[in-house]
Protein chains: 2
Amino acid sequence: MLSKKTKYGLKALTYIAKSVGDVPVQISEISKSENIPQKFLESIMLTLRKSGFLGSKKGKHGGYYLIKEPSEIKMADVMRVLEGPIAMVPCVSLNFYEKCDDCPDEHECSVHKLMIQVRDNTLKVLRNNTLEDLSGS
Amino acid sequence: MLSKKTKYGLKALTYIAKSVGDVPVQISEISKSENIPQKFLESIMLTLRKSGFLGSKKGKHGGYYLIKEPSEIKMADVMRVLEGPIAMVPCVSLNFYEKCDDCPDEHECSVHKLMIQVRDNTLKVLRNNTLEDLSGS
DNA sequence: GTAATTCCTATTAAATCGATAGGATTAATA
DNA sequence: TATTAATCCTATCGATTTAATAGGAATTAC
């Protein structure tokens, strides 16, 4: 299941990408428009800023803006920051690898083989889609 | 993340599929061999039996056996029983559809579009793989 | 009739998730 | 300079889910 955090984050990024002009977009505006609890969204925006997707301006007339072009922002990267591993088991994760405690040898594990395929296909989608694709049309 | 329940369930099914002869396989044997807590595995086997993947024999020399051929058991079906929806958001789930409470119109939702692609690619893998594929070689 | 097994329900401890609270800091502007 | 409006930051809370355990009932082989 996709967490609300990730879903809200993706919606917020899309909203900013769609916004016209170069003025920063405010949390309160996104929150109202996308039905996202404002305080919750605050913490998500903070994460997105700290991980290099957004820039911010403080104080009156402040807000958030994209640092990179929408076409440069891969969904896979956003997902990793907000959701964590893309793989369904840690032992097939490229960026968050961990050994399973119940498997003496993961190459013998039937689940491992299956989950590599799932990971590869999911990754294909998430690498091919950028923020531009989400906000387009 | 794949739950332990699902992972254990898939391992247990694989173990039974690999077992030779037509005698029922016992929980205690699977539990030891696959490092799965026995009591936890008990409840998983029960679920798999009630959902039509396994048959059981009670009492001494009892145990579990496959009801269908391994090649007939699609991973997608097992996953739905043990893990629930395959889709990452309920609003793109084929078997567990639910409307999102934050989306007035899901066809306008950028996340929706992305998650349909993820679902379709995951489904492709889980439909193409059967228990035979997991237990083979 | 005894031992071995599945069957069933309930419970628990820990982790995670979604959301909120309360203020500190910064900047525009009147 | 004072006020207002925004981000920033840390902590916390309640609900849900997850992984696992407990304890015994029912069934069957021998």
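Here is the naming used below: chain letters follow the sequence lines, and residue numbers restart at 1 for every chain. Quick caveat, the model's predicted, so the values are computed rather than measured. Computation of the quantities below employed the complete heavy-atom set of this structure, encompassing side-chain atoms and omitting hydrogens, waters and symmetry-equivalent molecules.
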Nearest-Å distance, [atom1] ([X]) to [atom2] ([N])?
X	N	atom1	atom2	result
B:Leu41	D:dT21	CG	C1'	14 Å
A:Gln38	D:dC8	CD	P	13 Å
B:Met1	D:dA19	CE	P	11 Å
B:Ile44	D:dT18	CD1	P	12 Å
A:Glu29	D:dA6	CD	P	10 Å
A:Tyr8	C:dC17	OH	C1'	11 Å
B:Leu2	D:dT17	CG	P	18 Å
B:Glu42	D:dA25	CD	C1'	12 Å

Check whether any side-chain nitrogen or oxygen of [X] sits under 4.0 Å from OP1 or OP2 of [N], and answer yes or no.
X	N	result
B:Lys5	D:dT17	no
B:Ser43	C:dC8	no
A:Lys50	D:dC8	no
B:Ser28	C:dT5	no
B:Lys57	D:dA29	yes
A:Arg49	D:dT7	no

Does atom CG of A:Asp22 have more than 12 heavy-atom neighbours from other groups under 6.0 Å away? no
Report the C-alpha distance between A:Ser93 and A:Met88 in whole Å, list the side-chain angles of each, state the deciding distance to 0.1 Å, and finish with yes or no for side-chain contact (heavy atoms from CB on, under 4.5 Å). CA-CA 8 Å; A:Ser93 172; A:Met88 296 190 79; over 6 Å; no
Can you tell which of [options] lies closest to the side chain of [X]?
X	options	answer
B:Lys60	D:dT4, D:dT28, C:dT6	D:dT28
B:Leu46	C:dT25, C:dC8, C:dT20	C:dC8
B:Ile27	D:dA20, C:dA27, C:dT6	C:dT6
B:Ser56	C:dC7, C:dG18, D:dA20	C:dC7
B:His61	D:dA20, C:dG18, D:dC30	D:dC30

Is any NZ, NE, NH1 or NH2 atom of the basic residue among B:Lys11 and A:Asp102 found under 4.0 Å from an Asp or Glu carboxylate oxygen of the other? yes
In terms of side-chain geometry, is the basic nitrogen of A:Asp101 or B:Lys4 positioned less than 4.0 Å from the acidic oxygen of its partner? yes
So, A:Ser51 side chain and A:Thr47 main chain: donor-acceptor pair closer than 3.5 Å or not? yes
Side-chain donor or acceptor of A:Lys39 under 3.5 Å from a matching atom on the base of C:dG22? yes
